[in-house]
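What follows is a set of notes on a single structure, which appears directly below.
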Amino acid sequence: DARLKRLSNIMGRDFGENAVPIDAAREGFHLTGYAGLPTYHRSTSTFQYLFVNGRPVRDKLLLGAIRGAYADFLARGRHPVVVLFLEVPPHMVDVNVHPAKAEVRFRDAGVVRGLIVSGLRHALAEAGHRASTTVSQAALGAVQTEKSAAPYQGDYRPRESAARPQGFSESAQAFFAPLDDAAAIPGLESLSGQVDERAFDNTPMETFPLGVARAQVHETYIVAQTESGIVIVDQHAAHERLVYERMKKALTDQNVARQMLLIPDVVDLDDAQVDRLEARFVELAELGLVMERFGPGAVAVQEVPALLGDMDVPGLIRDLADDLSDFDQALALKEKLEDVCSTMACHGSVRAGRRLNADEMNALLREMEATPHSGQCNHGRPTYVELKLTDIEKLFGRR
């Protein structure tokens, strides 16, 4: 694409490698351009370029629409990198509202905002699980910096007294031994047991963009082999995003399955927190969380969303009470859906320190491949790092 090539010359090669195309239209308005992946972001909004009928602008409505489109993916204080070109019928826009013509006024601002938000979100969803190349570049940079800080001492033979790193065992099979005391990961139990490790031996590696699980390190990171390198997955961050996306879909379909607790979980809070929760009991029930007041300074939780599985219910309730203190009481929870779902997903996802067997690890990888936005967690951090074989060979001086 000639336009993308020109933009890359101005904004840097990284932009060309980490941008997705935008092409959307609505009611006579046409939006084109490129948007950076959520994991490719900056500390300021300086790298957001907007053009209306070919004229550069810094319009509050357009910048607000960009923030809204990325609000579900970026951590606070981080800003996406975008270049957008909006074509508008001349009679639908007033370009004379600012002395320097940096702002414009649209006859139908709602249509413009909706077009930008939906256009950006659709393009980001089309990117699937893809994460930016800068994630792996940063990882390699950190490794190389640490490597250069430790000069060669002339002898790399392992000492007999060196302890075996935790997480490794005598044979690779130990990584994949089924654990009788491990509860199934919520939402992945339907896949667990159906993923035969031997089946991968005869399957072309390119079939699996995130590769095949080979090990779990420190009971937190999944190491998978791909066709051209390795992928390291943060199991908690990845599963948190998957749970979050499932919750959003269930809420959109108005089909939130609940799970009744065998014994209601009583959570002690201060009176102000209980009051905030009680004011939202009906709305929280629509999200699958059913509770009632339980005397002074406490609530009794009776049902939770089934998607969350086994979790720390008191921790979830306390975090939700804290979240509600930041919400405008006039706003419905559905208007703050991302914040509420994010908090719930964090408590319902598989934690770091949870040992997984081969079926569970591969099921997690396959669902990541099928889930849009799974390349970053709910807090804007990457869920995986991909290292190409050529990059790994450079680390060991093979190239």
Tell me whether [Y] is reachable from [X] by hopping between hydrophobic residues (I, L, V, M, F, W, Y) whose side-chain heavy atoms are closer than 4.5 Å.
X      : Y      : result
Phe396 : Val385 : yes
Leu261 : Val299 : yes
Val93  : Val111 : yes
Val112 : Val117 : no
Val301 : Phe281 : yes

> Under the salt bridge (charged side-chain N to carboxylate O under 4.0 Å, His left out) rule, what pairs show up with a residue in residues 233-245, not counting sequence neighbours?
Replying inline: Asp72-Arg241, Arg241-Glu245, Glu245-Lys248

Quick check: does any side chain N or O of [X] sit under 3.5 Å from a backbone N or O of [Y], one acting as donor and the other as acceptor?
X      : Y      : value
Asn53  : Val88  : yes
Arg258 : Ala285 : yes
Thr383 : Ser374 : yes
Asn362 : Ala213 : yes
Glu103 : Leu61  : no
Gln273 : Asp270 : yes
Asp59  : Val104 : yes
Asp391 : Leu387 : no

Do [X] and [Y] have side-chain heavy atoms sitting under 4.5 Å apart?
X      : Y      : result
Val83  : Met11  : yes
Leu84  : Leu120 : yes
Leu62  : Val57  : yes
Val233 : Leu210 : no
His129 : Tyr384 : yes
Leu242 : Arg246 : yes
His373 : Thr371 : no
Arg58  : Gln48  : yes

Once you round to the nearest 0.5 Å, how far does [atom1] of [X] lie from [atom2] of [Y]?
X      : Y      : atom1 : atom2 : value
Arg3   : Thr32  : CZ    : OG1   : 4.5 Å
Met344 : Leu320 : CE    : CG    : 6.5 Å
Ile22  : Arg121 : CD1   : CZ    : 12.5 Å
Leu316 : Met311 : CG    : CE    : 5.0 Å
Leu308 : Leu289 : CG    : CG    : 8.5 Å
Arg381 : Gln376 : CZ    : CD    : 11.5 Å

Please name the pair of heavy atoms, one in [X] and one in [Y], separated by the smallest distance, quoted to 0.1 Å.
X      : Y      : answer
Gly36  : Tyr70  : O-OH, 2.7 Å
Ala127 : Val20  : CB-CG1, 3.9 Å
Pro38  : Leu74  : O-CD2, 3.0 Å
Gly211 : Ala224 : C-CB, 4.2 Å
Ala125 : Pro372 : O-CB, 3.7 Å
Ile116 : Ala65  : CG2-CB, 3.7 Å

>> Determine whether Asn357 and Gln216 satisfy the following criterion, side chain to side chain donor-acceptor pair (under 3.5 Å), listing intermediate values before the conclusion.
In response: CA-CA 8 Å; Asn357 61 38; Gln216 183 189 30; over 6 Å; no

>> The criterion is salt bridge (charged side-chain N to carboxylate O under 4.0 Å, His left out); which residues satisfy it with Glu278, sequence neighbours excluded?
In response: Arg293

> Is the shortest side-chain N to carboxylate O distance from Glu386 to Lys388 below 4.0 Å?
Replying inline: yes

Are more than 12 heavy atoms, taken from residues, nucleotides or ligands other than [X], located less than 6.0 Å from that residue's [atom1] atom?
X      : atom1 : value
Phe294 : CZ    : no
His30  : NE2   : yes
Tyr221 : OH    : no

> What orientation do Phe106 and Phe29 show, parallel under 30°, tilted 30 to 60°, or perpendicular over 60°?
Replying inline: perpendicular

> How are the rings of Phe15 and Tyr34 set relative to one another: parallel (under 30°), tilted (30 to 60°) or perpendicular (over 60°)?
Replying inline: perpendicular

> Could you go step by step and tell me if Leu269 and Ile317 meet the side-chain contact (heavy atoms from CB on, under 4.5 Å) rule?
Replying inline: CA-CA 9 Å; Leu269 304 163; Ile317 299 304; 4.1 Å; yes

> After noting the C-alpha distance and the side-chain angles of Arg366 and Phe208, does the key distance pass the side-chain contact (heavy atoms from CB on, under 4.5 Å) rule?
Replying inline: CA-CA 8 Å; Arg366 301 293 78 79; Phe208 308 114; 3.4 Å; yes

> After noting the C-alpha distance and the side-chain angles of Thr343 and Asp319, does the key distance pass the side chain to side chain donor-acceptor pair (under 3.5 Å) rule?
Replying inline: CA-CA 7 Å; Thr343 299; Asp319 282 353; over 6 Å; no

> Can you check side-chain contact (heavy atoms from CB on, under 4.5 Å) on Leu287 and Glu283, steps first, answer last?
Replying inline: CA-CA 7 Å; Leu287 302 179; Glu283 291 175 281; 6.0 Å; no

>> Pair Leu86, Leu50 - check side-chain contact (heavy atoms from CB on, under 4.5 Å), show working.
In response: CA-CA 8 Å; Leu86 182 63; Leu50 309 170; over 6 Å; no

